[in-house]
K.L.:
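Handing you a structure now.
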There are 2 protein chains.
Amino acid sequence: MANIREIAGLAGVSVSTVSRVLNNHPYVRDEKRQAVHQAMERLDYHRNLPAIHLSKGTTNLLGVVLPSIEIPYFGNIVEGIAEEGLKHDLQLVLIQTNYNVEKELEALELLRGSLIDGLIFTSRAASLKIIKEYNPHGPIILCEDSDQTDLPSVSIPHEKAFMDGLDYLLTKGHTKIACTLGRKQGTNSHKRIKAYQTIMDKINQPVREQWIFDKCLTIEDGIHLTENWCRMTERPTAFLVTNDQVAAGMVLTAKEKGIHMPEELAILSFDNQQIAKAMHISTIDIPIKQMGKKAVQFIQNTEKRSKVSLPFQLIERATV
Amino acid sequence: MANIREIAGLAGVSVSTVSRVLNNHPYVRDEKRQAVHQAMERLDYHRNLPAIHLSKGTTNLLGVVLPSIEIPYFGNIVEGIAEEGLKHDLQLVLIQTNYNVEKELEALELLRGSLIDGLIFTSRAASLKIIKEYNPHGPIILCEDSDQTDLPSVSIPHEKAFMDGLDYLLTKGHTKIACTLGRKQGTNSHKRIKAYQTIMDKINQPVREQWIFDKCLTIEDGIHLTENWCRMTERPTAFLVTNDQVAAGMVLTAKEKGIHMPEELAILSFDNQQIAKAMHISTIDIPIKQMGKKAVQFIQNTEKRSKVSLPFQLIERATV
DNA sequence: GTAATGTATGAAACGCGTTTCAGGTCAAGA
DNA sequence: TCTTGACCTGAAACGCGTTTCATACATTAC
């Protein structure tokens, strides 16, 4: 592969001039520019990206940490990131972690090693303290509702959304309310649990541990949940669930079993994905894709605030 | 940021020795190794990735071209790629194209520019000829059933699968069969259309152009499809559809409208995603994730064949 | 005892584009 | 005519780790 020096030789100019041509610097006489272009064509020259990266110290590569691409929530964030990244000529480096701290550290090492210019955590398992330590090496954005760090973050006010969801179920006459979480450890889950406890206290209901279901993320999980519900001795009348997937699984199974919805069993979920609309599931719309976009704007310094909270909206449909 | 030369100075050794320590080369005396480690610690040294990439000529970065992450089919392939890539210490660079040839070319330029060591096309819009031209710069793997090029490819035998699907509908007594495609231009679509025509000919049915529906990918599309079906004067009694998403949309709407399935309307789809199981949709299982894994094995030269065709399996459920 | 190996280390070149600095030309303004 | 600034160009240094080559000592083998 030809390099810049060979081009310079063939075109009869210096490497600096070739570099100028490459970077569209104005101070190059037309004849020389032509000569360089010809030489590049003749030798089929193409720049070596790692060399540019080394030289410039930046790569236009953006790291994205996510547990799994298959979970639509994260897929959507990535979609938003990709869309906004496109505008700024950023390529995405995906780091799939499955909530493995090791993998998250690897992602942070990519930042320290100057392979990526910035890093977006769509979710995390590592501690804020550790993550913060890497901040000097490049911008790090969190997609979570965190007030414990000054790292920039873009989020949905999960606590508030959860609270509103519960309130809505209350107004519909439910007091026996269960909820599901994606991952109890998750940063967002804490907020949700807190909101749950607050509301239960308010209406003088006990916080039944067995009514807080962990690891509910998929349709399959939803199916098991309804099956579970059937076997319970004391049954909740309403569920506030992790996402539309879980709700879909629940609704499908509930219908099969002839459970009356929403009378016997009400379901309210989060996300407002296509499936929720198709199945008339009541849900809380959260602008997931928008989160991804905003995160990129943070990286690009387009957004000056350090915390951005995105609005959610309760969508009333048939399951509550 | 400290570099290797500073470390060498502080440790009182040469840069080569530092490099050896960094790369676990055996020919370094223990004392020196210690000294280097200490110096690295003292200066908080961390390697610069672009420098290594430039030096080595490889990056352990793998490009993945895909139209959209939100389409579960592609999300699944990426999942497979990520899983297998993990084993080989590969990071993924995602290039979302929306079937835009320009973007695909950008991806190919990354390969030429030595930023990525290999490139996987989960789908493509660019011509094989153009793609082939970039092959000298690194391995390129296609996820399609192509016999027109010697580029390695991993695929599902779409033609055969489609044929089998149609045959199955035939055995169930259907002759008025419609089908949907994700994208008529798509390489897989050609095969599917061909299969469709072959079968229609065989049973002396006309190939009704208006029964080949294009751009059907989402639940939403499925909903519209059933609505459409209701308004048709001459109705097909069976559909072979792009994926489970579309099928789900169709089934949901059909149930709402009181259409009897499978008597009035039979549906067979592709993929066998969770939603198909949950909704008892008859489908043709294709090992999507496996495709991603195999693709990586091609990149790593673990797979010696140049074409791999993965098995599919018809899953009988309630919609046919 | 001498040749052949293995171990250990450093200097220098290499991969390749960018950037700084110094020097030069030429036209416009004083 | 002299100055000033815009325009143009090239040499050399720089970013940073890897690799080759030469050298030197320590073993082992015959």
Side-chain angles (χ1 to χ4, degrees), chain A residues 1-37 39-40 43-61 109-117 137-138, chain B residues 1-40 43-61 89 109-117 137-138:
Chain A
M1 281 267 299
N3 64 32
I4 209 181
R5 276 159 239 267
E6 289 181 51
I7 302 298
L10 184 57
V13 299
S14 71
V15 291
S16 346
T17 298
V18 177
S19 179
R20 286 191 192 97
V21 172
L22 245 19
N23 293 287
N24 292 313
H25 192 286
Y27 289 175
V28 179
R29 223 196 306 259
D30 248 3
E31 316 138 39
K32 303 227 173 194
R33 192 182 297 275
Q34 298 291 330
V36 169
H37 278 304
M40 293 199 299
L43 298 185
D44 190 34
Y45 172 78
H46 288 271
R47 330 150 93 113
N48 179 299
L49 272 341
I52 296 177
H53 296 167
L54 171 60
S55 227
K56 290 222 162 127
T58 61
T59 60
N60 273 19
L61 252 33
E109 287 301 334
L110 295 185
L111 187 64
R112 164 137 68 189
S114 300
L115 184 67
I116 53 182
D117 291 344
H137 302 101
Chain B
M1 283 266 300
N3 63 34
I4 207 181
R5 276 158 239 268
E6 290 180 52
I7 301 299
L10 184 59
V13 300
S14 70
V15 291
S16 345
T17 299
V18 178
S19 178
R20 285 191 193 98
V21 172
L22 246 19
N23 294 286
N24 293 314
H25 191 286
Y27 288 175
V28 179
R29 225 197 304 261
D30 248 3
E31 316 137 40
K32 305 229 173 195
R33 192 182 297 275
Q34 299 290 331
V36 170
H37 278 303
Q38 275 177 26
M40 294 199 299
L43 298 185
D44 189 34
Y45 171 79
H46 288 272
R47 330 149 93 110
N48 178 299
L49 273 341
I52 296 177
H53 296 167
L54 171 60
S55 227
K56 291 220 162 131
T58 61
T59 61
N60 273 19
L61 251 33
D89 250 316
E109 287 302 333
L110 295 185
L111 187 64
R112 167 137 68 187
S114 300
L115 184 68
I116 53 180
D117 291 345
H137 302 101

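Throughout, protein chains are lettered first and strands after them, A, B, ... in sequence-line order, and every chain is numbered starting at 1.
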K.L.:
I'd like to check the side chain to side chain contact (heavy atoms under 4.5 Å, CB included) partners of A/Ser14; sequence neighbours left out, ordered by chain and number.
P.N.:
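So A/Ser14 forms a side chain to side chain contact (heavy atoms under 4.5 Å, CB included) with A/Ser16, A/Thr17.
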
K.L.:
Using a heavy-atom distance cut-off of less than 4.0 Å, which residues of residues 28-39 of chain B contact DNA chain C?
P.N.:
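Output list: B/Val28, B/Arg29, B/Lys32.
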
K.L.:
Bend angle of the helix from C/dG1-D/dC30 to C/dA30-D/dT1 from five-pair axes at both ends, rounded to 10°?
P.N.:
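The two end axes of the helix from C/dG1-D/dC30 to C/dA30-D/dT1 meet at 30°.
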
K.L.:
Strictly under 3.5 Å: I want the nitrogen or oxygen pairs between protein and nucleotides 5-7 of chain C, one per line.
P.N.:
{"from": "C/dT7", "atom 1": "OP2", "to": "B/Tyr27", "atom 2": "OH", "distance (Å)": "2.7"}

K.L.:
Do any side-chain nitrogens or oxygens of A/Thr17 fall under 4.0 Å of OP1 or OP2 in D/dG10?
P.N.:
yes

K.L.:
Residues in side chain to side chain contact (heavy atoms under 4.5 Å, CB included) with A/Asn24, at least two apart?
P.N.:
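Side chain to side chain contact (heavy atoms under 4.5 Å, CB included) check on A/Asn24 returns nothing, list empty.
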
K.L.:
By side-chain hydrogen bond (donor to acceptor under 3.5 Å, both in side chains), which residues pair with B/Asn3, not counting sequence neighbours?
P.N.:
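Once residues adjacent in sequence are excluded, B/Asn3 has no partner under the side-chain hydrogen bond (donor to acceptor under 3.5 Å, both in side chains) criterion.
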
K.L.:
What pairs of residues pass the ring pair (Phe, Tyr, Trp, His ring centres under 6.0 Å) test when at least one of them lies in residues 2-22 of chain A, not counting sequence neighbours?
P.N.:
none

K.L.:
How would nucleotides 14-23 of chain C be written as a contact map, 5' to 3', with B for base contact, S for sugar-phosphate-only contact and - for no contact, using protein heavy atoms under 4.0 Å?
P.N.:
-BBBBBB---

K.L.:
Rounded to the nearest 0.5 Å, what separation is found between the CZ atom of B/Arg20 and the CZ atom of B/Arg29?
P.N.:
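Going from the CZ atom of B/Arg20 to the CZ atom of B/Arg29 covers 12.5 Å.
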
K.L.:
State, with a plain yes or no, whether a side-chain heavy atom of A/Asp44 is found less than 4.5 Å away from one of B/Arg112.
P.N.:
yes

K.L.:
May I have the distance from B/His25 (atom NE2) to C/dG10 (atom C1'), rounded to whole angstrom?
P.N.:
14 Å

K.L.:
Which residues pass the side-chain hydrogen bond (donor to acceptor under 3.5 Å, both in side chains) test with B/Ser114, not counting sequence neighbours?
P.N.:
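B/Ser114 satisfies side-chain hydrogen bond (donor to acceptor under 3.5 Å, both in side chains) with no residue once adjacent residues are dropped.
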
K.L.:
Sequence neighbours left out, what pairs pass ring pair (Phe, Tyr, Trp, His ring centres under 6.0 Å) with at least one residue falling in residues 3-27 of chain A?
P.N.:
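Those involving residues 3-27 of chain A are A/His25-A/Tyr27.
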
K.L.:
By salt bridge (charged side-chain N to carboxylate O under 4.0 Å, His left out), which residues pair with A/Glu6, not counting sequence neighbours?
P.N.:
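For A/Glu6, no residue satisfies salt bridge (charged side-chain N to carboxylate O under 4.0 Å, His left out) once neighbours in sequence are set aside.
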
K.L.:
Would you classify B/Pro50 as touching base, sugar-phosphate or nothing, given that sugar-phosphate means primed atoms plus P, OP1 and OP2, and contacts are heavy atoms under 4.0 Å?
P.N.:
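The residue B/Pro50 makes no contact with any strand.
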
K.L.:
Starting at NE2 of B/His137, measure out to NE2 of A/His46 and round the result to the nearest 0.5 Å.
P.N.:
7.0 Å

K.L.:
Just how far is it from atom CG of A/Leu22 to atom NE2 of A/His37, taken to the nearest 0.5 Å?
P.N.:
8.5 Å

K.L.:
Among all residues two or more places apart in sequence or in another chain, which pass the side chain to side chain contact (heavy atoms under 4.5 Å, CB included) test with B/Ser19?
P.N.:
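With neighbours one apart ignored, the set is B/Ile4, B/Asn23.
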
K.L.:
Output the distance between atom CG (A/Asp117) and atom NE2 (A/His53), rounded to the nearest 0.5 Å.
P.N.:
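So the CG of A/Asp117 and the NE2 of A/His53 are separated by 8.0 Å.
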
